[in-house]
Number of protein chains: 2
Amino acid sequence: MSSDHPNPVPSPLPSCTPTLPGFTCGLDATLRVIAGKWKPLILYFLAQRGPIRYGELRRAVRDVSDKMLIQQLKELEADGLVKRTDYREVPPRVDYGLTPLGRGLAEALVPLCVWGTENIAEVTRLFAEREAGDDKLPAARTAGTGKEASPG
Amino acid sequence: MSSDHPNPVPSPLPSCTPTLPGFTCGLDATLRVIAGKWKPLILYFLAQRGPIRYGELRRAVRDVSDKMLIQQLKELEADGLVKRTDYREVPPRVDYGLTPLGRGLAEALVPLCVWGTENIAEVTRLFAEREAGDDKLPAARTAGTGKEASPG
DNA sequence: CGGAATCCGGGTGGATACTG
DNA sequence: CAGTATCCACCCGGATTCCG
């Protein structure tokens with residue numbers, strides 16, 4: 001069963017140092033840190049636009065509620081990725097920026113952003129098919145990731 | 001802590017082509033594709049180990065149930081990232097591999113893997129503090145997104 | 001071995017109203 | 001402006017059971 005299968009064998013990716021305590025691999029560790037619907041987007045916007053105020057961040061990350069934004073920001077802050085600065089003024093002024101750790105993580109997101117931009121046509125078409133109701137995928141689609149599919 | 005400004009202005013990241021139809025940016029599009037607790041891990045394992053059988057993949061992605069693994073694989077297949085091959089044998093033999101599109105996405109995950117590996121110490125410490133019940137984070141941890149990535 | 005179907009609890013996350 | 005508090009629908013995802 002070595003040479004007779006129709007699947008072309010791709011060249012393997014660089015190793016992931018799979019022997020880590022508590023985590024499957026480095027990717028696993030990263031995924032747990034950015035686990036949360038809005039965290040990658042938050043990190044990336046903060047990286048792009050520098051320390052920005054709460055309201056501006058909320059406008060940038062569209063479709064996010066106050067509750068979720070605050071919640072995820074608090075977690076990111078507790079994880080040492082985001083730094084909050086309260087200027088203690090009236091009216092209130094608070095801004096959020098990245099720590100060095102957070103900036104490193106944000107930079108690691110760049111290839112994902114590039115991939116999405118380069119393959120935007122494919123992705124758009126895929127989501128259009130999802131919306132149209134695929135015959136071959138009755139429940140897997142609706143139960144999958146259809147929640148945030150409202151077009152903005 | 002170095003003697004830096006409280007809010008150091010980071011060097012801006014490369015642009016994200018923020019004017020895309022339906023998506024906030026390229027990163028947003030990518031995130032919707034890999035939305036799902038196990039999808040990035042699945043993609044990465046498939047990229048590393050080539051076309052592998054179902055059982056082997058399940059062993060690689062630990063802590064995943066059959067239901068979730070199958071579900072996410074189906075979505076990845078429907079999205080044109082994963083290719084399933086059924087050899088129609090008894091006992092059944094099926095393997096999963098990446099399409100060119102999936103391969104590209106998996107390669108975009110490499111920096112995240114690298115970041116996790118390089119910062120494994122920080123991440124491990126953070127999660128240890130979470131488990132210990134942090135005094136400074138009474139409710140944000142328990143009510144927050146501490147566990148999963150909401151595939152959304 | 002490789003799946004499919006069903007039940008089901010709990011967490012996620014949205015909406016709304018309110019505060020300083 | 002920058003949050004906070006509360007309610008609750010909904011979906012994720014685990015366990016179990018059955019099929020080809």
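Numbered from 1 within each chain, the chains take letters A, B, ... in sequence-line order.
A distance of 10.0 Å separates CG of A:Leu126 from CG of A:Asn119, quoted to the nearest 0.5 Å. How far CH2 of A:Trp115 is from OG1 of B:Thr30: 5.5 Å, rounded to the nearest 0.5 Å. Rounding to the nearest 0.5 angstrom, the gap separating the CG atom in A:Asp95 from the CG atom in A:Leu57 is 10.5 Å. Rounded to the nearest 0.5 Å, atoms NZ (B:Lys37) and CG (B:Asp63) are 8.5 Å apart.
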Would you give a per-nucleotide map of nucleotides 15-20 of chain D, 5' to 3', where B means the base has a protein non-hydrogen atom under 4.0 Å away, S means only the sugar-phosphate does, and - means neither?
B----B

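Across all strands shown, B:Arg58 has no heavy atoms under 4.0 Å from either base or sugar-phosphate atoms.
In this structure, B:Asp95 places its CG atom 15 Å from C1' of C:dG3, rounding to the nearest Å. In this structure, A:Asp63 atom CG and C:dG14 atom P are separated by 9 Å, rounded to whole Å. Computed from coordinates, the A:Tyr96 OH to D:dA2 P distance equals 9 Å when rounded to whole Å. Across the protein-nucleic acid pair, B:Leu69 atom CG and C:dA4 atom P stand 11 Å apart, rounded to whole Å. Summarising the geometry, the separation between CD1 on B:Ile70 and C1' on C:dG2 is reported as 7 Å, rounded to the nearest angstrom. Distance, B:Arg53 CZ to C:dC1 P: 8 Å, rounded to whole Å. At whole-Å resolution of the value, CD in A:Gln71 and C1' in D:dG3 are 13 Å apart. One interatomic measurement links the two molecules: NZ of A:Lys37 to C1' of D:dC11, which rounds to 11 Å at whole-angstrom precision.
Across D:dG3, C:dG14, C:dC1, the shortest atom-to-atom separation from the side chain of B:Pro91 is found for C:dC1. Side chain of A:Tyr54, nearest nucleotide from D:dT4, C:dG3, D:dG3: D:dG3. Each of D:dT4, C:dG2, D:dG13 was ranked by its minimum atom distance to the side chain of B:Gln72; first place goes to D:dG13.
Exactly one of A:Leu76, A:Leu81, A:Asp79, A:Leu43 qualifies for a side chain to side chain contact (heavy atoms under 4.5 Å, CB included) with A:Ile34. That residue is A:Leu43.
Both B:Met68 and A:Arg93 lie close to DNA chain D; mapped to their nearest nucleotides by heavy-atom distance, the more 5′-ward contact belongs to A:Arg93. Heavy-atom distances to DNA chain C give each of B:Asp86 and A:Trp38 a nearest nucleotide, and the one nearer the 5′ end belongs to B:Asp86.
One finds no salt bridge joining A:Lys74 and A:Glu77 here, because no Lys/Arg side-chain nitrogen approaches an Asp/Glu carboxylate oxygen to under 4.0 Å. A salt bridge is absent between A:Glu56 and A:Arg59: the closest approach of a Lys/Arg side-chain nitrogen to an acidic carboxylate oxygen does not fall below 4.0 angstrom.
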